[in-house]
Undergrad: 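Sharing a structure here in C-alpha cells format.
FYI, the numbering just counts along the sequence from 1. Ligands are counted one by one from 1 in listed order, and the atoms in each one are counted from 1 as well.
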Amino acid sequence: MAPSLSLSVALVIVLLSGKCTALLPSYSPSLTACPDTSLTRTFTATSQELNQFESDFIAARENSVIHQSWKSWLKNGSAIGYNTTAFSNFARVGLAFSGGGYRASQFGAGVISAIDARNATAVAAGTGGLLQVATYLGGLSGGSWLTAGLYMNGFPMVQDMVLGSQPGWLMQQDLLEPEGSAAIINTLQYYSALDQSVDAKAAAGFNVTIGDGWARALSYHFLGGTNLSNFFDTSSHGAGQLWSQIANADFFNNHQAPFPLVVLDTNGTFDLTTESIPLDLPVYEVSPFEFASFDPHISAGAELSHIGTSLFEGVPVDNASCVTGFDQAGFVIGTSSNIFASLLSVDTTEIELLQSLLGEPIEALNPAEAVVSKWPNPFLGIASAKFVDSSNAELQLIDGGSNGENIPLNPLLVKAREVDVIVAVDGSADTDDNWPNGLSLLFSAERLSTILGDSHQQLPELPSSTDDFVAQGLNLRPTFFGCNSTDTPLIIYLPNSPPLTGDAPFCNAPTTQVQFEVNETQTILDQTYFNTVGGFVPNANSPDPNWGRCLQCAAVDRSRFKVTPTIKRSAFCATCFTQYCYNPSNITSSSELPNRKLTYAGPASSSL
Ligand SMILES: *[C@@H]1O[C@H](CO)[C@@H](O)[C@H](O)[C@H]1NC(C)=O
Ligand SMILES: *[C@@H]1O[C@H](CO)[C@@H](O)[C@H](O)[C@H]1NC(C)=O
Ligand SMILES: *[C@@H]1O[C@H](CO)[C@@H](O)[C@H](O)[C@H]1NC(C)=O
Ligand SMILES: *[C@@H]1O[C@H](CO)[C@@H](O)[C@H](O)[C@H]1NC(C)=O
Ligand SMILES: *[C@@H]1O[C@H](CO)[C@@H](O)[C@H](O)[C@H]1NC(C)=O
Ligand SMILES: *[C@@H]1O[C@H](CO)[C@@H](O)[C@H](O)[C@H]1NC(C)=O
Ligand SMILES: *[C@@H]1O[C@H](CO)[C@@H](O)[C@H](O)[C@H]1NC(C)=O
Ligand SMILES: *[C@@H]1O[C@H](CO)[C@@H](O)[C@H](O)[C@H]1NC(C)=O
Ligand SMILES: *[C@@H]1O[C@H](CO)[C@@H](O)[C@H](O)[C@H]1NC(C)=O
Ligand SMILES: *[C@@H]1O[C@H](CO)[C@@H](O)[C@H](O)[C@H]1NC(C)=O
C-alpha cells in the first residue's frame with residue numbers, strides 16, 4: 001500500500017516542534033540473563049524439523065479438537081455421500097490470508113465469519129466449520145493485521161473483533177491522520193505518542209526506523225487497549241503486547257485456534273515493472289514460539305521470546321544480555337506490512353515527511369535506512385556459504401508480500417508440516433479495480449519450483465498467466481486447484497470478488513484507503529460474507545445452495561487417501577468438483593459469471 005499524508009500536516013509539523021520527554025517504556029525491550037537452553041536450532045532442507053512446541057500444539061489440537069470439529073461440521077457425512085466414521089484421519093487444512101491493507105483485513109474477516117462454526121448462519125450455509133478444522137493459519141501484511149486481531153484478542157468472533165470492542169479496529173479513525181486534518185492538534189499528539197514509544201526502544205540501544213512508528217500506529221487498531229475515547233491519551237495502546245504471549249493465552253492452550261504463522265521478507269531492489277523484489281531473497285516466518293526460515297539455505301529457527309538478542313553462530317554473545325520484549329505484536333505485523341521500502345524508488349517526499357513526524361533518531365537517517373524494519377540477526381554466522389545475511393548483525397525486513405507472493409502459502413507448504421489442503425484467501429489488488437488476478441499464486445509457483453524444491457511442497461497446475469485467470473473467470477468465484485493431483489495439496493482459492501448478486505462492490509477499496517466509516521466496513525463484511533457462503537451458479541446471480549457442501553467435499557477430499565483401502569470420491573462430491581475444480585482440459589469462461597460489477601462503489605478517496 002502507498003499511504004500519503006496531507007500537506008497541511010507537514011506544514012504544521014514544521015511550526016510546532018515542542019516535544020514531550022516522558023518515554024513510554026513498554027515498547028522498549030529489556031535485558032535479562034540468558035536461559036540455559038539453546039536459543040536457536042538448525043536443520044536441513046531434506047531433514048526438516050518443526051519446533052517442538054509447534055509439534056506438540058499440532059498433535060494436541062488435532063487429537064483433542066479437530067477430530068471432533070470435523071464430526072460437528074460434516075455430521076455423519078451422509079449429506080456429501082460419505083460415512084464420517086470411516087475416516088480414521090482427516091486431511092490437514094491450512095488457511096492463508098493475503099496482504100492488501102485494510103481491504104485485505106476486512107475481506108479476510110468476512111471470510112472468517114463465513115467459515116466460523118460459532119456463527120449459526122454460516123453453519124446453516126454449510127461453510128461454518130472450516131475454521132475449526134484448520135491446523136494452521138498464515139497471514140501476511142493486511143492478512144497479518146487480521147491475524148493479530150484474532151490471536152492478540154482471545155480469538156474473538158468477527159463482528160466483535162472488527163466493529164465491537166474485541167479490540168474494535170476503529171477504522172473510522174484514519175491510520176495516518178486520525179480525526180483528519182480538521183483536528184490537526186490531535187494528529188500531532190498522536191505522532192508525539194508514537195514517537196515516545198519508539199524513542200524508548202532507541203534509548204534501550206536498538207536501531208529504530210519508520211517501521212517502528214508504523215508498528216505503533218497499527219497497534220492502536222489491531223491490538224487491545226484503544227477505543228475512541230482514549231485514542232489520543234498517553235496510555236500504552238498495545239505497546240508491551242508480545243507475539244510470544246499468544247502461547248500463554250487460554251484459547252491457545254486449549255488448542256481452540258489454528259497455529260498462526262506470519263510472513264516477513266528481506267529488503268531488496270524493487271523491479272519497477274513487477275513492483276516486487278527478487279525471489280531469491282530470504283523469506284522468514286514468525287510463530288508464537290519462533291522466528292524461522294525454512295528456505296533451504298537457512299533452515300533455522302530462533303526462540304521468539306528472546307529475539308533481539310545478539311547471537312553468533314546461535315550462541316549469545318553475552319550471557320548476561322539476552323533480550324526480551326523485542327517481539328512486540330505491533331512490530332511483527334508492522335514488519336509484515338512494511339511497504340515503505342517499495343515507495344523509496346517512487347518518491348522519497350512521503351518518507352521524509354514521516355521521518356520528520358517521528359523526529360530523532362529516525363529523522364537523521366538516510367531514507368533508504370529509514371524504510372526497513374530492523375531485526376538483530378539471530379542467524380549471524382550460520383550457513384555462511386549461501387545465506388546472504390550470514391555476516392550481517394541486523395536483518396533488514398519488509399512487507400511479507402514484497403516478492404510478489406502476496407498469499408502466505410510459503411509456511412503452509414513447508415514439507416514437514418504435511419498440509420493437505422490450503423484455503424488461499426486472496427485480497428490482492430492486481431487489476432485496475434483492485435481485484436486479484438492470480439498473480440500471487442503464479443509468483444509462489446515460480447519461487448517454489450526454482451528455489452524451494454527440497455524444502456516445500458509444490459503447487460498444483462495453474463493457468464499459465466493472469467490473463468487466463470481472468471478470461472476463465474477464476475478470479476470471480478471460488479475454484480479448487482489440484483483436485484486430482486496426488487503429489488500436491490489441494491488449493492481452495494477464494495478470491496475477493498464482486499458480489500455475486502450483481503450489487504455494487506465496496507470490498508475492492510484501494511490499498512491506500514486507510515479510513516472506513518462503520519457502515520462501509522459493515523457493508524464490506526456483509527458482502528464478503530455473502531460471497532463466501534454463496535459459491536456461484538453458472539450464468540446466474542444467485543448463490544449455489546450446494547456450495548457449503550461442495551466446500552466440505554474439497555476440505556475432506558484428501559482424507560480419502562489416509563484410509564486403506566482408499567475411499568472412492570462420492571458421487572455428490574464428484575459433481576461439485578465438475579463445477580468448482582480447475583480442469584485444464586475443460587476450461588471455463590468469465591462470461592458464465594454475468595452482471596458482476598467491477599468498479600469500486602465506495603468514496604472516491606478518503607482523507608488521503
Ligand atoms: C553461556 O551459558 C551457557 C549455558 O549456561 C554456557 O554453556 C556458555 O559457556 C556461556 N557462555 C559464555 C560466553 O559465558
Ligand atoms: C446420517 O444421519 C442422517 C440424519 O441425521 C440419517 O438419516 C442417516 O441415516 C445417517 N447416515 C448414516 C450413514 O449413518
Ligand atoms: C460407517 O463406518 C463405520 C466404520 O467403518 C462402520 O462401523 C459403520 O457401519 C459405517 N456406517 C454405515 C451406515 O455404513
Ligand atoms: C454471522 O455472520 C453474519 C455475517 O457476517 C453476521 O451478520 C452475524 O452477526 C454473525 N453472527 C454472529 C453470532 O456473530
Ligand atoms: C545499529 O546499527 C549500527 C549501524 O548500522 C550497527 O553497527 C549496530 O550493530 C546496530 N545495532 C543493533 C543493536 O543491531
Ligand atoms: C476506553 O479504554 C479505556 C482503557 O482501557 C477504558 O478505561 C475506558 O473505559 C474505555 N472507554 C470506553 C468508552 O469504552
Ligand atoms: C534496501 O534495499 C535497497 C535496494 O537494494 C537498498 O538501496 C537499501 O540500501 C536497502 N536498505 C537497507 C537498510 O539495507
Ligand atoms: C454510510 O453512511 C453515509 C452517511 O449516512 C452515507 O452517505 C453512505 O452512503 C453510507 N455508506 C454505505 C456503504 O452504506
Ligand atoms: C465441463 O465443465 C462444465 C462446467 O463448467 C460441466 O458442466 C461439463 O460437464 C464439463 N465437461 C466435461 C467433459 O467434464
Ligand atoms: C478428475 O478425475 C475424474 C475421474 O477420473 C475425472 O472425471 C475428472 O474430470 C478429473 N478432474 C479434473 C479436474 O481433472
Undergrad: What do you reckon, are the aromatic ring centroids of Phe536 and Tyr580 less than 6.0 Å apart?
TA: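 When the ring centroids of Phe536 and Tyr580 are compared, they turn out to be within the sub-6.0 Å range.
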Undergrad: Checking the N or O distance criterion of under 3.5 Å, is ligand 9 in contact with Thr578?
TA: no
Undergrad: Taking the six-membered ring for Trp and the single ring otherwise, decide whether the centroids of Trp145 and Tyr102 are under 6.0 Å apart.
TA: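 Yes, the ring centres sit under 6.0 Å apart.
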Undergrad: Under a 4.0 Å threshold between the charged nitrogen and the carboxylate oxygen, would Arg41 count as salt-bridged to Glu303?
TA: no
Undergrad: Has Asp250 got more than 12 heavy atoms of other residues, nucleotides or ligands less than 6.0 Å from its CG?
TA: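 For Asp250, atom CG is not crowded (no more than 12 foreign heavy atoms under 6.0 Å).
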Undergrad: Are Ser305 and Leu242 side-chain neighbours, meaning at least one heavy-atom pair lies under 4.5 Å?
TA: no
Undergrad: Check the SG atoms of Cys322 against those of Cys34: under 2.5 Å or not?
TA: yes
Undergrad: Gly205 heavy atoms, cut-off 4.0 Å: which ligand 5 atoms fall inside?
TA: 13 (C)
Undergrad: State which residue, out of Asp327, Ile333, Thr335, fulfils the side chain to side chain contact (heavy atoms under 4.5 Å, CB included) condition with Phe331.
TA: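 The option that passes is Thr335.
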Undergrad: For ligand 6, run through the N/O pairs with the protein that fall under 3.5 Å and put one pair on each line.
TA:
from	atom 1	to	atom 2	distance (Å)
ligand 6	2 (O)	Asn227	ND2	2.3
ligand 6	2 (O)	Asn230	ND2	3.3
ligand 6	11 (N)	Asn227	ND2	2.9
ligand 6	14 (O)	Asn227	ND2	3.3

